[in-house]
Protein chains: 2
Amino acid sequence: MENNDFVKELGYLGFTMRLKRISDAMMHEGRRLYSDLDVDIEPNWYVIFKLLKSRGAQSVTEIAESIRMAHPSVIHITNKMMDAGYLISEKDPNDSRKRVLDLSARSVKMLPEYEKIWNAGEKGVELALEGLNALEIISALEDKFFNKGFKARTLEQLKK
Amino acid sequence: MENNDFVKELGYLGFTMRLKRISDAMMHEGRRLYSDLDVDIEPNWYVIFKLLKSRGAQSVTEIAESIRMAHPSVIHITNKMMDAGYLISEKDPNDSRKRVLDLSARSVKMLPEYEKIWNAGEKGVELALEGLNALEIISALEDKFFNKGFKARTLEQLKK
DNA sequence: TCTTTTTATGTAGTTGACTACGCAAATGTA
DNA sequence: TACATTTGCGTAGTCAACTACATAAAAAGA
């Protein structure tokens, strides 16, 4: 690894880009991991699996709110999971606009295997972050930037 | 903001997703910021501007290494900057494979204005992260995950 | 010198997120 | 009850990164 990282030299100006680089890199590694293990699931599906397992069936919008994603993203992810046979979908009897998603029998069958992988992944991250208060930092980031975003903060500074 | 974030409940398992959510959100805000300010540049161009200003003309691959991006990404970004008139490109006289990029006169003219915006953005981030040792944490993350990646760490744990 | 390997660039195709918009059902209001 | 507004879902289009592959020039080696 060359010690030649210009973005790092940029201080706080490079912060968002470094955040993106790392999360992109980890996402790509996750994809390769599943393919190496010959497991036919994708990164991020785990959130849906975990959510529905822990809270039971939810509608598209409920899922989007629970995981703080835009609903079209949820539709995209869950459609692929349905195609792969991991989810079932049915109309809400009380509100025909809603579509309620739940884990399929296939999910229940496969989850123990997948959870081994997720646990290993979690342990790997945990060990890498040992001693750093990374979870606190990211919570603080969320508090700051989900409330008053990057744009608002910049405009505030520009006015001075 | 609802206090209903399932990803947060997932502990270290949700870490990479939270990283991605935040960096995505900041990127989108950056894009909106430029459009609000009626400035015809895009997020991430600033790295190229800053790099070429500080280190002078560089080839595509040199840029990619300096900012740790894949070279096709650099080509994509710099092509757009060229179309917008901010970069000039010429063949290296000693090595005709190389294409050397440099700031145009338009860049030099506009940079003072843009730097005001970037300084404000940097200040905003700095204030938001005040008291948190965020830069140290992200350096640690880079050291850990650029060297032995997420995949390797997970496989290591799986074997136990 | 001729051939093979490496390097630099470019193109194509994939991915995962987003916003904007449209439609239909439910809810609120006059 | 009729109309207007809100809500839930879906589609279309955009964007930024990536990998894999192709091509041409330079460098290395037989």
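Here is the naming used below: chain letters follow the sequence lines, and residue numbers restart at 1 for every chain. Being a predicted model, the structure only gives us computed values, none of them experimental.
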Please identify the 5'-most and 3'-most nucleotides of DNA chain D with any atom under 4.0 angstrom from a heavy atom of chain B.
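Span of nucleotides near chain B: D:dC15 to D:dA26.
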Can you list the residues that meet the side chain to side chain contact (heavy atoms under 4.5 Å, CB included) rule with [X], with sequence neighbours excluded?
X: A:Leu132; value: A:Leu129, B:Ile137, B:Ala140
X: B:Val108; value: none
X: A:Thr61; value: A:Ser59, A:Glu65
X: B:Glu126; value: A:Tyr12, B:Lys123

Please list, for nucleotides 25-29 of chain C, all pairs of protein and nucleotide N/O atoms separated by less than 3.5 Å.
residue : atom : partner : partner atom : Å
C:dA25  : O3'  : A:Ser96 : OG           : 3.0
C:dA26  : OP1  : A:Ser96 : N            : 3.1
C:dA26  : OP1  : A:Ser96 : OG           : 3.4

Sequence neighbours excluded, which residues qualify as salt bridge (Lys or Arg N to Asp or Glu O under 4.0 Å) partners of [X]?
X: B:Asp102; value: none
X: B:Asp92; value: none
X: B:Arg18; value: A:Glu142
X: B:Arg31; value: B:Glu42

Report yes if at least one side-chain N or O of B:Arg21 is closer than 4.0 Å to OP1 or OP2 of C:dC18; otherwise report no.
no
Whole-Å gap separating [atom2] ([N]) and [atom1] ([X]):
X: A:Met27; N: C:dT15; atom1: CE; atom2: C1'; answer: 9 Å
X: B:Glu62; N: C:dA8; atom1: CD; atom2: C1'; answer: 11 Å
X: A:Lys91; N: C:dA24; atom1: NZ; atom2: P; answer: 13 Å
X: A:Asp24; N: C:dA17; atom1: CG; atom2: C1'; answer: 10 Å
X: A:Arg68; N: C:dC18; atom1: CZ; atom2: P; answer: 12 Å
X: B:Ile63; N: C:dT9; atom1: CD1; atom2: C1'; answer: 12 Å

Considering only heavy atoms, which members of residues 69-81 of chain B lie under 4.0 Å from some atom of DNA chain C?
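Only B:His71, B:Pro72, B:Ile75 qualify.
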Taking atom CZ of B:Phe6 and atom CE of B:Met17, what is their separation to the nearest 0.5 Å?
10.5 Å
So, B:Arg55 and A:Glu9, do they make that salt bridge, N to O below 4.0 Å?
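Looking at B:Arg55 and A:Glu9, the cut-off is met.
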Below 4.0 angstrom, N of the basic side chain to O of the carboxylate: do B:Lys98 and B:Glu90 qualify?
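The answer is no: the pair does not qualify as a salt bridge.
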Does some side-chain heavy atom of A:Ile88 sit less than 4.5 Å from a side-chain heavy atom of A:Leu101?
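No; the side chains remain at least 4.5 Å from each other.
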Side chain of A:Arg106, backbone of A:Ala84: donor and acceptor closer than 3.5 Å?
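Such a contact is found between A:Arg106 side chain and A:Ala84 backbone.
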Need the bend value for the helix from C:dT1-D:dA30 to C:dA30-D:dT1: angle between end axes, 5 pairs each end, nearest 10°.
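So the angle between the two local helix axes works out to 10°.
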